[in-house]
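Please read the structure below before turning to the comments.
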Amino acid sequence: MIKRVDGPGLVTGAARYSGDHPVEGLVHGYLVLSTIANGTIRTMSAEAALAAPGVLAVFTPFNPLRYAGPWVQGPGYFLYGPNRFPLQPGDREVRHHGQVIGLVIAETFEQARDAAALVETAYDVRRPNTSFADGIPNAVVPPPLTGPPVVDVLEPQYGSIDSALAASAVTIRASYSQRPEHHNPMEPHTAIAAWDADGTLTVHSGTQGPLLHAQEIAVAMEVEAAAVRVISTHVGGAFGGKASTWPPAVLAAAAARQVRRPVKLALTREQLYSVTGHRPAVVQDVALGAARNGKLHAIKHDCVSTRSNVSALYNGVSGYSLGVYRTPNVHAGTRVVTLDMPPATIMRAPGEEAGSFGLECAMDELAHELALDPVALRLANDADRPPTNGDRYSSKHLAECLQVGAARFGWSRRKAEPRSVVDGEWLVGYGMAAAVYGASRYEMSMRVAFRRDGTVYVGGATADLGTGMRTVLSIVTADSLGVPLSRVVSELGDTKLSPGPMSIGAMAGAVGSAGSSSVAPAIRAAAKAATDALILRATQHERSPFHGLAPENVRYHDGILSANGRSVEFGPLLTLMDVDGVTATGTSVPDAESGIVMSSFAAHFSEVRVNQFTGETRVARMTSVVDAGTILNPAAARNQIIGGLVWGLGQALLEGAEVEPATGRIANANFADYLIPTNADIPDIDVHFLNYPDTIFNPVGSRGLGEIGTVGSAAAIANAVFNATGIRVRDLPISPEKLIPPARTRKD
Ligand code: MOS
């Protein structure tokens with residue numbers, strides 16, 4: 001098994017995350033957040049805070065920070081929509097609870113935090129608009145973000161999806177809902193910003209896209225992009241929550257410029273909930289029309305998502321149903337309710353996470369209605385061609401995922417009749433779901449170098465969010481050049497590693513399950529270019545044994561150059577030629593092949609045990625079979641899928657923000673009350689990869705697998721809960737009180 005190249009640093013604590021870097025003269029920031037959700041700040045008293053020990057500055061709308069806010073329109077604007085940055089002159093409007101309204105800078109973190117508590121704020125309070133339920137009747141179609149919010153694909157004889165549904169032999173309709181969810185990375189957003197005398201800015205800040213982050217900060221600070229260096233060597237989890245730029249990096253940079261000291265600004269766990277983005281709440285109505293044999297005739301999927309008045313993103317989940325099953329009639333619609341809520345952003349499998357919950361639960365309801373096996377129902381509707389967009393798949397083995405998964409899991413032992421397996425206090429059930437996640441890859445540039453000490457260097461400005469990307473860099477390089485993994489030195493997470501300007505997609509870095517699939521072909525290209533350059537050098541240098549030969553007559557194999565019966569390893573060769581290294585850059589650009597749909601696929605199976613008396617649900621085991629092309633690093637890939645399934649378990653059973661209607665406050669903004677799975681909640685998980693190379697997608701044949709584990713897994717659990725109990729919980733999370741049977745009288 002391949003071990004993580006960064007493993008020792010991660011487990012010994014030697015790895016430095018953004019807040020861990022020692023910086024000379026560092027001072028600390030602490031944010032002051034609003035305690036209302038809607039209103040105008042009348043006054044803020046900074047005197048007591050300013051007089052507190054160690055305090056250097058108190059920034060408020062009355063003593064603002066100087067930068068190009070409050071709507072910073074950097075490149076991230078085009079990917080994630082606008083985000084609002086506070087503390088601008090005269091900007092006294094409060095738009096959500098927990099909005100940044102002040103920043104205290106002091107010599108120590110504790111001094112800044114204690115002084116922040118002394119800032120008194122008086123507001124003119126307006127009634128906040130915080131009720132999602134109240135807004136749903138008046139929800140509106142939003143401006144398109146990633147695609148049209150309403151799509152209909154209908155056979156000519158039907159004027160609407162409703163007439164197609166009406167012409168179906170069987171229809172089921174159900175409404176599914178979930179609350180806002182939060183990424184909760186282990187490492188809360190933290191930035192250290194330091195300006196040099198020459199006007200360049202270095203920011204240590206954990207991010208998914210160092211290049212994008214640097215450009216955003218540069219736009220906010222009104223300096224050249226080249227003047228900002230972002231260092232993000234280790235990221236303690238991100239999940240979409242560190243894809244765009246949030247206040248800490250920008251405010252730390254602006255404050256550092258004004259107090260003329262390096263500033264560290266770390267969010268507390270609670271602040272994370274309102275200062276950075278979340279996954280919006282969503283309600284979805286799903287209707288399926290089918291023939292008695294289970295063949296789908298129509299899918300109608302409508303959703304309503306919350307949207308914040310300080311950001312643009314919403315949870316458009318219904319589009320998921322456009323690309324899964326073969327059906328002649330399909331409708332996907334999205335509407336939004338705008339609330340006085342903290343900003344939203346992308347979060348692991350944005351859209352697919354909830355959309356698959358709706359569709360895959362509805363498929364289970366249909367199977368139950370028709371008395372068909374849920375796996376057989378999926379197989380009967382498996383799409384051999386893309387249902388709505390495109391002519392063919394690059395590579396698709398969903399049916400095999402379903403069949404292999406059913407066999408590995410022991411699906412045949414499932415009792416179709418709900419509530420038929422009882423084990424003492426526990427009701428036992430099986431559930432499953434299919435999953436689809438679109439495969440993307442972006443332009444990416446990587447650098448590869450042969451070095452005279454016999455090592456190979458690989459580096460680029462992408463990020464490792466904890467996923468094992470650095471190990472992937474090493475693996476692909478070792479594999480491309482035929483050298484042992486132990487001789488590869490990899491580096492990432494620093495804008496200075498970028499070989500040059502990049503497209504916006506390349507700058508975004510590790511998002512959309514596209515990281516490895518983008519990086520791997522770029523490394524292959526760089527390795528090829530470096531090999532060519534090494535051979536050329538060897539034929540030109542007079543001390544080289546290959547001097548004077550035509551390059552095409554020199555062969556490179558497994559780190560060794562050979563020609564005319566002579567062979568030399570690249571390390572000794574470079575030493576002989578007195579050359580430190582030979583470096584080349586490789587860029588890989590995805591080819592736009594129209595008509596070909598590229599996706600990862602999976603089938604998830606779960607066994608749950610529900611306590612008859614307490615309603616507690618325990619997931620006993622899960623099996624996941626994944627079709628994601630070539631698997632570059634089996635251990636890391638398995639780890640990614642397990643992580644995705646853990647997210648599905650959290651979504652199904654535990655997670656959800658509680659918004660206090662009167663104030664807009666997130667009442668459970670902490671790890672005690674916002675429940676996420678712990679190790680004790682996670683059962684044995686069996687992950688299996690089909691490993692069919694998808695060389696239409698990229699030369700390496702690997703598709704993404706960061707998000708496919710999250711898609712469908714909550715439905716697999718919810719469907720198992722139904723099979724165990726006969727209770728269909730459509731509002732997540734499936735908390736115990738939703739499964740407790742009505743009170744009974746004991747007869748003894
Ligand atoms: Mo992922 S939500 O694209 O970081």
Side-chain angles (χ1 to χ4, degrees), residues 75-76 78-81 83 145-147 178 180-187 189 205-213 216 232 235-246 272 276-280 282 305 311-317 319-320 343-357 435-442 444 462-469 472 492-493 504-519 590 598-600 628 639-641 643-648 650-651 655 703-714:
F78 301 99
L79 289 175
Y80 309 115
N83 262 340
L145 267 182
T146 52
Q178 61 187 57
E181 293 165 2
H182 293 262
H183 310 72
N184 274 313
M186 276 205 285
E187 176 203 27
H189 299 58
S205 176
T207 175
Q208 293 173 241
L211 295 168
L212 184 70
H213 200 41
E216 296 272 294
S232 176
V235 184
F239 315 114
K242 292 173 186 165
S244 53
T245 293
W246 298 105
L272 213 65
T276 74
H278 64 277
R279 190 199 307 274
V282 66
S305 163
S311 66
L313 286 183
Y314 49 83
N315 204 359
V317 313
Y320 182 73
T345 191
I346 56 169
M347 180 162 144
R348 204 170 193 170
E352 296 84 358
E353 178 249 24
S356 63
F357 174 69
V436 180
Y437 188 84
S440 337
R441 56 184 277 238
Y442 307 123
M444 184 58 68
T462 186
D464 188 333
L465 317 177
T467 53
M469 179 73 98
V472 163
L492 49 62
I504 185 165
M507 289 196 295
V511 293
S513 298
S516 297
S517 305
S518 306
V519 162
M598 299 175 269
S599 296
S600 288
N639 182 265
Q640 282 296 293
I641 297 302
L645 296 173
V646 171
W647 273 61
Q651 179 196 1
E655 292 199 46
R703 292 191 303 259
L705 42 72
E707 290 165 278
I708 186 79
T710 303
V711 185
S713 45

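Remember, it's 1-based here, ligands and their atoms both numbered in the order they're listed.
Under the 4.5 Å side-chain criterion, counting only non-hydrogen atoms from C-beta, Gln208 is not in contact with Val235.
For Asn639, the side chain to side chain donor-acceptor pair (under 3.5 Å) test picks out no residue, with sequence neighbours left out. Considering only residues two or more places apart in sequence or on other chains, Glu707 meets the side chain to side chain donor-acceptor pair (under 3.5 Å) condition with Tyr437, Ser513. Residues passing the side-chain contact (heavy atoms from CB on, under 4.5 Å) test with Ala354 are Gln178, Val282, Gln284, Asn315, Val317, sequence neighbours excluded.
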Check: every ligand 1 N/O to protein N/O pair under 3.5 Å:
residue	atom	partner	partner atom	Å
ligand 1	3 (O)	Gly512	N	2.6
ligand 1	4 (O)	Gln208	NE2	2.7
ligand 1	4 (O)	Gly240	N	3.0

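Between Pro180 and His278 the shortest heavy-atom distance is CB-CD2, 3.8 Å.
Donor-acceptor pairing under 3.5 Å is recorded for the side chains of His213 and Ser205.
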